[in-house]
Amino acid sequence: MRLKRTHFIEELIREDFLGKEVVVSGWVLRRRDHGGVIFLDLRDRTGLLQVVFEEGVAQEVFDIADQVRIEYPVSVKGIIRRRPEGMENPKIPTGYIELSASDVEIHNTSKTPPFPMDEDLSQVSEATRLRYRYLEMRALGGHSPFIFRHNVNLAIRNFLSERGFLEIETPFLTKSTPEGARDFLVPSRLYPGKFYALPQSPQLFKQILMVAGFEKYFQIVRCFRDEDLRADRQPEFTQLDLEMSFVDEEDVMSLCEELLAHLFEKTLGITLSTPFPRLSFDKAMELYGTDRPDLRFGLELKEATDLAKEAQFQVFRGAVEKGGIVKGLAAPAHFSRKELDELTKYAQELGAKGLAWIKYTKNAASFEEKWASPIVKFFPREVLERLEERFELRDEAYTLFFVADTPQQTNLVLSELRKHLAERLKLIPEGMFSFLWVVDFPLFEWDDEEGRLVAVHHPFTHPKLEDLDRLESEPLSVRSRAYDVVLNGIEVGGGSIRIHRRDLQERIFKLLNISQEEAEDKFGFLLQALEYGAPPHGGIAFGLDRLIMLMLGKKSIREVIPFPKTQRGQCLLTGAPAEVTLKQILELHIMPGWKEPSTQGEKNLLKEGEEKDE
RNA sequence: GGGGCUGUAGCUCAGCACGGUCAGAGCGCCUGCCUGUCACGCAGGAGGCCGCGGGUUCAAGUCCCGUCAGCCCCGCCA
């Protein structure tokens, strides 16, 4: 390297560089060749600078400049000078200066990039961008999500460090735990037939750190879950994990509010209003049909089971007789028949048997026009009037939508319909950050597939103290000391106060149908640690990718992860997952080319294995 | 495991409903010209397994079946 950078481009904006000789290094964004004068727009991480090769420069330098193409990395020596009168470019910060080149060094050539490097790449297919992720990042603006992410990490570390938290690392090669998501497994070379698991979260280790007396721990840490992907789910993702000792829910939640407020202030300059609103799980389900409601808009659900009972509508009655419920929402709009069919189809795709609708017009000429719907004839006039009251129909035009089904199904369909209608009717304000806490979750839920109770949060979550005496008698009525942070309808964090005494932890395991042997085998180290003076403790984990995605207004966490996987779990850049040599496989004592069992004998073997596992 | 959308030039896409001037556009790229441009301009040019395989047909980007890949969703996953 003959020419060595003396300055980054953004530094050169300062007046005192005028007339000074500097060397800048970077990539050529654009080239404008006028025959006798060549302009290069040179880009480094900090900015964009116009370089001019013109009359007076040595012929061999000009000849080299003539060979430069887009995306060549080059260094240029020259004098910074003010641009001639009328030649300024107000679009860029360096638009009033330019570098009058006296020397240039081409460090490398470049093939023509597969997509333009100087415009918005959001129109380019994601697959192409992922395959050439390094070019997408290098392109204009391509660094910014990752610079932002750096700033987020820095703000978090500064804030927590200031508050006495210690960042402590925990292992990636650890032990598989039952409960929760499927583990990624790593076969052990030294112990044939044994496996490490990649952590789904550092949960157990952070609890051990509390037993170890660190008091306040945090970590920005990768977690792994071998489940199917979504726009907001990757097999490896990053959590901000933290845990504190001698605290209760309020301590953790208020710390989180301060942390998030600090974060938004430092990185976006946005002041969040704290404390965040709180909603119990039951209330959230009642009003929104989901435990992670988007509060940026209204469209609250209303129960109408009682009114449905008074109508002659068989669809509603049948559902109620089978123990179902009827709920609905009022969208402030009228829809065409075609739109109503589309909405019905949408509801059916979510598993609804149908979608009942009533078109309401407040100041209609007649009662028939006020309540227009194929089902309205089944409703006594008085019931319709009570619907008007219940749904608070104050404006001129509404369409009421109803679903009648099991509570779970009804809530699922209506919560999705609510979001769908809000988007469609443009009820969601731009640029709004609507945080809330969801609290008072049930501790357990019934898993039909497994025929046993499972933990809603995780098995280490502390039950509510006032519910403790019902733990064995009415486990499904017991609430937990867990809390979720929801931002704009997406869960961005969740945590709980943990069990810190062995006897209670064992009672929970028992209710979860985890045998004493299994508990000892899988969590013996934790149970033992709890016996050595484990302090009361609790914490939380934030999905950092999701949080950053929302802060930047992106639609997918892939946009804020430098090298993400596709929906089928592939890395388009490296081609992972990939085959390995037979030698590597054999060293791990595993079978190459293993496929789904096809014969009955193979299936029996698999079944035995599963039973042993659980 | 299931549902939906997409796949045509390096990139973005049109052409598919009704099979036959249907291998097209814009941008990019290459060559030449050009001393003040900044999305420079002008002139010329190259570039195609119409994702892949099979089928129907005299004839298939176009219709049918399968398959692969990307995206969104359900299941799964906090």
Side-chain angles (χ1 to χ4, degrees), chain A residues 29-42 48-57 62 69-71 83-92 94-95 98 100 111-132 135-136 140 179-183 200-201 203 223-235 237 239 291-292 345-346 348-351 412-413 416 419-420 438 441 447 449 454-458 461 482-486 490-496 540-543 546 555-556 558 565-568 570 572 596:
Chain A
L29 179 67
R30 281 185 287 255
R31 197 179 100 91
R32 291 177 295 280
D33 182 352
H34 288 251
V37 56
I38 296 173
F39 299 98
L40 300 180
D41 288 342
L42 191 74
L48 197 58
L49 179 67
Q50 171 165 285
V51 177
V52 196
F53 294 86
E54 61 193 332
E55 202 172 11
V57 74
F62 198 88
R69 291 291 177 275
I70 280 172
E71 291 312 311
R83 289 196 190 183
E85 190 82 23
M87 301 301 164
E88 299 88 354
N89 181 355
K91 289 184 215 158
I92 56 172
T94 57
E98 61 188 6
S100 176
K111 292 172 78 173
T112 304
F115 38 70
M117 300 291 281
D118 59 347
E119 40 186 271
D120 178 24
L121 291 184
S122 63
Q123 297 307 307
V124 176
S125 80
E126 194 180 355
T128 305
R129 289 187 283 127
L130 288 184
R131 195 159 282 126
Y132 298 96
L135 290 179
E136 184 191 8
L140 219 50
E179 306 291 313
R182 189 178 297 118
D183 286 318
Q200 297 176 25
S201 78
Q203 182 61 36
C223 302
F224 306 86
R225 291 176 191 166
D226 191 3
E227 298 291 349
D228 287 353
L229 284 71
R230 288 283 189 284
D232 61 354
R233 266 161 40 190
Q234 283 273 306
F237 60 100
Q239 281 189 347
D291 61 358
R292 43 186 170 84
K345 188 164 169 256
Y346 180 79
Q348 283 169 337
E349 278 163 8
L350 293 164
L412 171 78
V413 173
E416 291 301 318
K419 283 194 284 187
H420 185 76
V438 179
F441 283 86
D447 186 321
E449 210 171 295
V454 294
V456 168
H457 190 62
H458 57 53
T461 304
Y483 31 80
D484 277 2
V485 198
V486 177
I490 293 179
E491 186 203 321
V492 293
S496 61
I540 195 164
F542 289 93
R546 283 184 188 176
K555 290 211 158 53
S556 154
R558 293 187 299 272
K565 310 276 186 289
T566 68
Q567 187 158 56
R568 295 279 307 272
Q570 284 189 307
L572 293 182
E596 280 292 315

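Below, read A as the first sequence line, B as the second, and so on, with proteins coming before strands; counting in each chain starts at 1.
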Closer than 4.0 Å, any side-chain N/O of Lys91(A) to the OP1 or OP2 of rA39(B)? yes
Using heavy-atom distances to pick each residue's nearest nucleotide on RNA chain B, tell me which of Ser556(A) and Arg225(A) is more 5'. Ser556(A)
rC22(B) to rU12(B) separation - P atoms, rounded to the nearest Å: 25 Å
In whole Å, what separates the P atom of rA59(B) from that of rU21(B)? 15 Å
To the side chain of Arg83(A), which of rC77(B), rG70(B), rG36(B) is closest? rG36(B)
Quick check against the 3.5 Å criterion: does Gln234(A) have a side-chain atom that pairs as donor or acceptor with the backbone of Lys565(A)? yes
Spacing of the P atoms in rG28(B) and rC73(B) (rounded, Å): 35 Å
With rounding to whole Å, what would you report as the distance between rG32(B) and rU37(B) at their P atoms? 24 Å
Would you kindly give the CG-to-P distance between Asp228(A) and rG3(B), to the nearest whole Å? 15 Å
Is there a donor and acceptor pair, one atom on the side chain of Arg233(A) and one on the base of rC76(B), closer than 3.5 Å? yes
Using distance only, find each side-chain donor-acceptor pair of residues 114-123 of chain A under 3.5 Å and give its atom names and separation, not counting sequence neighbours.
| residue | atom | partner | partner atom | Å |
| --- | --- | --- | --- | --- |
| Asp118(A) | OD2 | Arg30(A) | NH1 | 3.0 |
| Asp120(A) | OD1 | Ser122(A) | N | 3.1 |
| Asp120(A) | OD1 | Ser122(A) | OG | 3.2 |
| Asp120(A) | OD2 | Ser122(A) | OG | 2.7 |

Salt-bridge contact Arg558(A)-Glu126(A) (side-chain N to carboxylate O under 4.0 Å): yes
Between rC16(B) and rU62(B), how far is it from one P atom to the other, in whole Å? 13 Å
What interatomic distance, in whole Å, is found between C1' of rG75(B) and the corresponding atom of rC65(B)? 27 Å
Taking rG70(B) as the reference, what is the distance to rC27(B) when you measure between their C1' atoms (whole Å, please)? 23 Å
Counting only N and O atoms by type, is there a donor-acceptor contact under 3.5 Å from the side chain of Tyr483(A) to the main-chain atoms of Ser496(A)? yes
Taking syn as a glycosidic torsion within 90° of 0 and anything else as anti, which one is rG61(B)? syn
Integer-rounded Å distance: rC73(B) C1' and Lys419(A) NZ: 11 Å
With a 4.0 Å cut-off on heavy atoms, is Asp118(A) in touch with a base, just the backbone sugar-phosphate, or nothing at all? nothing
Side chain of Gln567(A) (C-beta onward), nearest among rC71(B), rC38(B), rC29(B): rC71(B)
From CZ of Arg32(A) over to P of rC42(B), roughly how many Å is that when rounded to an integer? 16 Å
Rounded to whole angstrom, note down the P distance from rU35(B) over to rC71(B). 49 Å
Earlier contact from the 5' end, RNA chain B, for His457(A) and Arg558(A): Arg558(A)
Can you check whether any acceptor in the base of rC38(B) is under 3.5 Å from a donor in the side chain of Arg31(A), or vice versa? no
Touch check for Gly95(A), heavy atoms < 4.0 angstrom, all strands: base, sugar-phosphate only, or nothing? nothing
Using a strict threshold of under 4.0 Å (side-chain N to carboxylate O), is an ion pair present between Arg32(A) and Asp41(A)? yes
Any donor-acceptor pair under 3.5 Å joining the side chain of Glu54(A) to the base of rU35(B)? no
Do the side chain of Arg230(A) and the base of rG75(B) come within less than 3.5 angstrom through a donor-acceptor pair of N or O atoms? yes
